[in-house]
Amino acid sequence: MKETTLAHIAQVVRGSLRSLAPKPENRRINQLSIDSRTMVNTERGLFVALRGERHNGHDYIDSLYHRGLRNFLVSEEINSNNYPEAAFLEVANTLSALQDLAAAHRAKHSCPVLAITGSNGKTIIKEWLYSLLHTELNTIRSPRSYNSQVGVPLSVFNMREEHQLAIIEAGISKAGEMNALQHIIAPNYGIISNIGEAHQANFANRKQKIDEKLKLFDTCQQVIYCADHSELASAIEAKFAPQKHYSWSAHHKKGASLQLHYEQQHTHTLIHYQTSKAAGSVRIPFVGQASLENASHALAFILSRGWMKPTVQSAFEHLQPVAMRLEISSGINHCQLINDYYNSDFNSLEIALQFQANHASSSKQQAALIISDMEQAECTDQQLAKRLSKLLRPYQLSKLVLIGTRLSAHHSCFPTQAECYHSTDEFLAQFQSSNYRNLNILLKGARSFQFERIAAVLQKKYHQTQLEVNLHAMVENLNYYKSLLQPKVKTMVMVKAFSYGTGSVEVAKALSYQQVDYLAVAVADEGVELRQAGVETPIIVMNPEHHSFELMMEHRLEPNIYSLPLFRSFQQAAQRLAVHQYPIHLKLETGMHRLGFSEEEELQEALQLLLADDSLRILSCFSHLAVSDNPQEDQYTHQQHDRFLALSNIVQQAQPQAMRHLLNSAGIERFPNYQHDMVRLGIGLYAGPQFAPIETAQENLVVARWTSLVSQVKTVAAGSSIGYGRVGQAVHDMQIAVIPVGYADGFDRRLSNGIGKVWIEGKEYPVVGNICMDMCMIDITGASISPGTPVELMGEHISLQQLAQQIGTISYEVLTGISQRVRRVYVQE
Ligand SMILES: *Cc1c(COP(=O)(O)O)cnc(C)c1O
């Protein structure tokens, strides 16, 4: 953003400045951030402490201050005495303040703004319009899918004097939200894509949802919509004057401003168009219905502005699928790869660099960037290099690789010694894997540079089967469970057993950033691995083994002490190492009949030992419920709680500050009165809410997707048998797809012979014959499926629960049973 003073910001947001330092009003600000991780420019940065339902930015102030940040926009009272150099700008509501600042920024710019809303396709229409127009007009667009109450203000701050068109996406999830967005964007033109079922839950009905969305267009001179969506079209036609309407139809709807006709040509579609003034056609490399609709919206906007030129027309032919995510995977020689499939521009680069800085998988990894020439056409090569160099400065890159003639020509602008290549081919010809070791590599290439070829040489080689872990979905689940907690109740997350199969370091890192209070691992080695990766969150070890006591103390790992002998030996180890007040946790046995202190005498004896010296301190005592998920057994759960109270009272007599905790995932959902000081979340984080009705289980977000690729397709003649044991029989001529996943991967053999199904291109197909160790066969008779086609073994369509039910087990076993040789890939939307 453009530099301004704190006094000016205070005036716009009508806030009051408080500081123990002299003249805070004169401080200059040029960066706003809502995310503590993105604060790299500390002196001139202003941190906006937002309060969400489950997340409070004020919690980060202390650590930001200690990292050198001095300016904070807050709505809670902060004791300035603790922060003598800080300036606090106090407002009633920090989100409204952020929005007011954005609206003021927008009002200063006369550049025309196009706003896009609707249920599906917003981001794609935005991205496509950008790629169609940015060589003609200096265009800016919202980064990624920044379209929310927070994302829209951040998008608007990117507007600068020189822009000729701004494309801003607006999304709402409940009634009443659009007014704020309208005020910030104040669009000149609007596109509404469609009204689907998404988010319907928060609206009384479809009419209310449509009316709310249309509020965005109050100031527009033109609204673009599809006349074939009759409900939407009549709402627009009733609300806005005719000169504002600009509609398109692919079904000859009378009165539409633009008539379209689609002609499919193998993998492409020719879109013929006709308006009252012009006729012509564009060709797009897509055939699907959704792509046609998105392209038609983009086309309608371009025609409505009279911007169709030969260059724009030919750009349609090169539209690309829009991928909106970063993917983390393991690379060769202990490297990690972060692949940014997003278009190449400065906004998304900055987001990706921040993500990279926070996701090194071990503290030994150093950051590296491989980047191609960017799409920015409006600046000279030297300007491009300078701007990039400035953007990279705050990030500590130990390796920088520039690919393309534009950047290479100006490599001397960069702070890090850069390696230069004129093309991806040249890079690959000179590639030596030994030059890539212990690096956290961000790959950021414009489409034409085909960075997937670079990813292929840097990627660790595994077979085609992978488990994709969606960290965003995981955080959504975490937030759902947190929303069930009373204030001050802490959260421990169970990351034992490789985080229930999803992976340890990456998951623990994501959780520690979310400020969960505790992580729990099964054995000391798992905890050491997390510490080595830089995880600072307190960690409890559920099964502390004698030989690992010293290792645990060295890495601040806290033991679960479940018996008197274990207590004795841990205390002796603590005395030997002369530690004081080392934190431990006592397990109490209340009905599982597994581990824990069950006798009061035994417990008393341990407590006497505790009080005899200063070596240990009980941080918490806890027990585990045996039937928290079974309503028929609630009596037993209540008894367990009674017993827990009795035993934990004894502990608290000796150690009054000891916390208590009892609930696991199902318990959190079913026994709100038993939360005490902390809860222990496990399966719910990985598999989603266990009891929540479908509407509140967030939009079907899946944490773990298990996928593979068809490796072979063949025809088996009637009468033949398929696989070991000849159990699979072809009663008619059968088509079979072979996929490279077997019981050694965790694809349970009990799924053989039609019990298990997989999902390929929109349909379920059964397993045929016995599942083998490394592969299995699928009956795809009647379908045309080719080798290389993606297969979902578990995910949105084949649910984890369904898979567990089919073989008579629980989701825990299926998830933790997915073998380590299945590569884990982490995605962040
Ligand atoms: C694994 C575990 C949990 C988590 O249980 P979920 O049912 O997965 O939520 C909680 N407490 C203890 C002691 C555990 O071992």
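Just follow the structure's listing: the first ligand is 1, and inside any ligand the first atom is 1.
More than 12 heavy atoms of other residues, nucleotides or ligands sit less than 6.0 Å from atom CD of Q575. Around the CD atom of Q632, the shell of radius 6.0 Å holds no more than 12 heavy atoms that belong to other residues, nucleotides or ligands.
When each atom of ligand 1 is checked for a heavy atom of G682 under 4.0 Å away, the hits are 4 (C), 6 (P), 8 (O), 9 (O). Listed by number with element, the atoms of ligand 1 under 4.0 Å from a non-hydrogen atom of Y500 are 1 (C), 4 (C), 5 (O), 6 (P), 8 (O).
Between the side chains of Q571 and Y582, no donor N or O sits under 3.5 Å from an acceptor N or O. Inspection of the H334 and N438 side chains reveals no N or O donor paired with an N or O acceptor under 3.5 Å. Counted by atom type alone, S329 and Q459 present one or more donor-acceptor pairs between their side chains at under 3.5 Å.
Looking from atom 5 (O) of ligand 1 to the surrounding protein, the closest heavy atom is N664 CB, 3.4 Å. For atom 13 (C) of ligand 1, the nearest protein heavy atom (residue, atom name, distance) is M542 CE, 3.4 Å. Scanning the protein for heavy atoms near atom 11 (N) of ligand 1, the closest one is R680 NE, 2.7 Å. Of the protein's non-hydrogen atoms, Y812 OH, 2.6 Å is the one closest to atom 7 (O) of ligand 1. For atom 9 (O) of ligand 1, the closest non-hydrogen atom of the protein is S665 OG, 2.5 Å.
Qualifying salt bridge (charged side-chain N to carboxylate O under 4.0 Å, His left out) partners for R670, counting only residues two or more places apart in sequence or in other chains: D634. Remark: S811 engages I683, L800 in a side chain to side chain contact (heavy atoms under 4.5 Å, CB included) (not counting sequence neighbours).
Ligand 1 has a nitrogen or oxygen under 3.5 angstrom from a nitrogen or oxygen of I683. Here's the thing with K587: none of its N/O atoms is less than 3.5 angstrom from an N/O atom of ligand 1.
Considering each of M492, K496, M494, the one bringing a non-hydrogen atom nearest atom 1 (C) of ligand 1 is K496.
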